[in-house]
Structures are given as C-alpha cells and as structure tokens.
Amino acid sequence: MGKLIIDGGNRIGGEVRVGGAKNSVLPILAATVLNGGINVVHDIPKLLDVDIMEKILTALGCSVKRENGTIVVDSKDLTEHEIPEELVRQMRSSIIFLGAMLSRFGKVKVSYPGGCEIGPRPIDLHLKSLREMGAKIEEKHGFLNCEATKLRGCDIQLDFPSVGATENIMLAGVFAEGTTIIRNAAREPEIIDLENFLNAMGARVSGAGTATIRVEGVEKLYDVEHNIIPDRIVASTYLVATAITKGEIVLKNVIHEHLQSILYKLRESGCIIQTYNHSLKLIAPKKIKAIESIRTLPYPGYPTDMQAQMMTLMTLSDGITIITENIFENRYKHANELVRMGANIKVDGRIAVVKGVPKLSGATVMAHDLRGGAALILAGLAAEGSTIIENIKHIERGYENIDGILSLLGAKIKKM
Ligand code: EPZ
C-alpha cells in the first residue's frame, strides 16, 4: 500500500472546486441497472470505490464508459445476477445492489459484506425490510441468495435511520406492487440526490430529506442524465485542513445547507466563514478554540464521517473537547496514531477526550480507514517536521487526488 510524506508547517490557501459526492455516486450507479437504458451521470470523482462499482456493472453485463468526470452506463444487456465476491470484499457498500437488482432482475447473489475498519457493519435492517417486501433471502456459506418474482410495496419502520437500508428500500420500491413507505428514513443529502435521479428516470419517489419517504411502484423507467451533488465530507475536510494550518481558502461548488453542522462547529473553533451562492470562504484563527462537545448523529446532526478530522483540529486547541461517536462502534483508530504525533487523547468506548497541546510532531503513522486516514493528513500538515502516512489506499477510496490538490494549496506533500 502507498505512502504519503508531508513536511508540516505550511499554510493551506487558495481556491478549490469540490467534486461529486462518493456516497451519492455509489447508490446512483447501482440504480443505473433499473431502466435497461442509457444513464449519463456527471461529476463522477476518480476514486477506487467508483472503479469497483464500474467493475461490478460490467460484470453484470452493462456497458460502461467513463471520460472526464462523466460516466455512461448502458444497462440494456443485463445478463448476470451475481456480484463478484472479490469486489464485495473490496467494497462492502456493494450491498446497495440488492434492491436495484431485485427490482430489475428479480434475482441477485452477493457475498455477505464483512465488517470493516470502523465496525461490524450489520445489514439486518436491509434484509428485514426486503423480506417484508416479499424477497426470499437465503444466507448460506457466506452468500446471500435473493429472489423476488414481484416485490410488494409496504409500510416499513426502520429501527435506525440507516443510509444504506433507506437506499436499498427505495431501489426495491420503484417497480414494486403498490406504494412503499419508509419511516424513520435516513435524511442525508445523498438520499435526496438518489430520489432526484430516480424521479428523472420516471420513478415516483417523494419525501427524501424527511423521515418519511414514499415510493409508488411504476411499470417502466427511462434514459436519464444527472449531475451528482458536491461531496460535503470532502469539502469539510479541506475546511479543516485550512483551519489547522492557519490558512484561508475559497471552496467552489458547495451546497451550504449540507455543511451547516460542520460550519457551526468551525465557527465555534474561531474560524470566520463567509458564504456566497455556491461557494464559501474560510479564514482560520491564530489559535483554535476548543469546541466543548462533538456528538455524531444521523443527518442533519454532526456527521460521523467528519469526527476524525475534527478530532485532529481539537488536538491543537486551547482547551478540552469531548467527542461522542454515536454511529459506529469502532471509529477511533486514528486516535492512537495522533497520540504518536504528540496529541493528548483518551478514548473510552464511544467517548474520546481531547486536550489541546501546543504542537504536534511529525511521525510515521498508519491509516486504518478512509476518514481516519484523512485526519492523519491534516495532522501532518500542521505538525512540526515530516510525517509519513502508510496504507493510503484507504484514503484514495474517498479523496480524489488529495495530495495534488493540497500541493496546489501550499502543502509540502508527496506520494511515494
Ligand atoms: C453510509 O454507510 C456511508 N457510506 C458512510 O460513509 C457513513 O458513515 C454512514 O452512511 C453514516 O452516515 C456510504 O454511503 C457508501 P448506516 P452505511 O447504514 O449505509 C447500523 C464514508 O466514510 N446498521 O447509516 O453503511 C450500522 O452498524 C462511509 O464515506 C445496523 O445496525 O451506514 C451503523 O452503526 C463510512 N443495521 C449505523 O447503523 C443495518 O442493517 C449507521 O449505518 C444497517 C446499519
């Protein structure tokens, strides 16, 4: 796995355009199997996870062309129903094909997605909901064999507003008999983007962004063209990179609404933030103020995908921060790596207590997961001396050309 070397102490400054959201692209690429037609999707980031989705679509029989941030998927000749096991192993979110393939093909075989670096990642809510809609799902030898002659719409109450389960049910509902209601649905912006994509195909989905989503089954779906929403987590990561290096940045192609919980915390840490139509400017303070408490919650609460990055910022604050990770069971692996760089962090279960220190020192550290790895880059940007980050493949799953972009913004960073 590749490495990054960062010589810390350089301010991040300049302007960067935020690309399409990974967590919107993945369910939308799964949805391209639904219409048996041509799907043109713009603002596709160059990410390992997108490469894997492309391989899965090709393995299922779709033809896929990708050029300069646009992907064209022709799902007319869908011939296979088995998601290749080695691809599921590389990307657990391939489970998102369950709903789409049951809708289009009535059959799908996928290996049970294991846990990952941030926790066991159960899929019980996905399976319970799809069974309620009439899917027969057999779990054998580590595989899920799923079949459904005709899915039927029903009234589903999610125990937890799971993003993936909400998406799978939406995708399962588009051709179902009758109407599917999803209660306690996830409200993330990526769910709204999926609703917009499906409706542009001719589906009848409403309520995305609220806790209750309705999907009315239709007979057919048509060719579609769509632009992916900007990646709110990538945008927020660059804002923290600027804050931790006392810099100044302008982000282009942002939807402020999606960033509110992060902007609120960054203002609390002393950053000045000016918002314009589709862009925003952040000016960092001389000294980061401690944010008393950060609790991760489902959207519109503070996102778990920004917990590690904000923890890094707080390692250099003027006080104490208490972080509570409410979404995933094991999402503090970056803490030990930050401690190796001189941070003062105590982790106890879902709670992490961060006490600001005057400085971080460069060290050799290991990325254990996508957002934890990004957090180590932020620490390296601010640390005195050089930092070597190993296992950067995790980071490349969710950040397009992050070393190239940070170099353009003033960082001394290079890939080995
Ligand atoms: C999506 O994962 C995102 N991934 C994650 O982003 C994000 O952290 C997460 O939503 C929460 O916002 C994609 O969209 C590809 P969940 P997902 O189902 O759908 C429990 C990143 O860094 N749960 O909302 O897997 C689960 O264990 C990634 O970009 C069940 O118990 O998240 C977790 O504790 C990381 N049973 C919680 O719900 C289920 O059937 C949230 O999971 C499903 C989930």
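Remember, it's 1-based here, ligands and their atoms both numbered in the order they're listed.
Using a cutoff of 4.0 Å between basic side-chain nitrogens and carboxylate oxygens, Asp7 and Lys414 are not scored as salt-bridged.
Contacts between Arg92 and ligand 1, counted as non-hydrogen atom pairs separated by less than 4.0 Å, involve the side chain only. At a heavy-atom cutoff of 4.0 Å, ligand 1 is contacted by both the backbone and the side chain of His126. Contacts between Ile327 and ligand 1 below 4.0 angstrom, taking non-hydrogen atoms only, involve backbone and side chain alike. Contacts between Lys22 and ligand 1 below 4.0 angstrom, taking non-hydrogen atoms only, involve the side chain exclusively. Contact annotation: for Asp305 versus ligand 1, heavy atoms closer than 4.0 Å belong to the side chain alone. For Thr304, every heavy-atom contact with ligand 1 shorter than 4.0 Å involves the side chain, none the backbone. Contact annotation for Leu370 and ligand 1: only side-chain heavy atoms (C-beta onward) come within less than 4.0 Å of the ligand.
Residue, atom and distance of the protein heavy atom nearest to atom 25 (O) of ligand 1 are Arg121 NH2, 2.9 Å.
For atom 26 (C) of ligand 1, the choice among Ser94, Ala308, Pro122 with the nearest heavy atom turns out to be Pro122. Within the set Arg371, Glu190, Lys128, Glu329, the minimum heavy-atom distance to atom 29 (O) of ligand 1 is found for Arg371. Of the listed options Leu125, Ile118, Ile191, Asn23, Leu125 places a heavy atom closest to atom 40 (O) of ligand 1.
Between Tyr299 and His258, the ring-plane angle classifies as perpendicular under the 30° and 60° cut-offs.
Minimum heavy-atom separation, Ala241 to Leu378: CB-CD2, 3.5 Å.
Between Gly164 and ligand 1, an N or O atom pair is found at a separation short of 3.5 Å. Considering both main-chain and side-chain atoms, Val163 comes within under 3.5 Å of ligand 1 through a nitrogen or oxygen pair. Checking only distances, Glu167 never comes within under 3.5 Å of ligand 1, N or O to N or O.
Residues Asp43 and Arg17 form a side-chain contact, since some pair of their non-hydrogen atoms from C-beta on lies under 4.5 Å apart. With a 4.5 Å cut-off on side-chain heavy atoms, Val41 and Val25 do not count as touching.
The shortest separation from a heavy atom of Arg331 to ligand 1 is under 4.0 Å, placing the residue in contact.
Looking only at atom types and distance, the side chain of Ser63 has no donor-acceptor partner in the side chain of Asp77 under 3.5 Å away.
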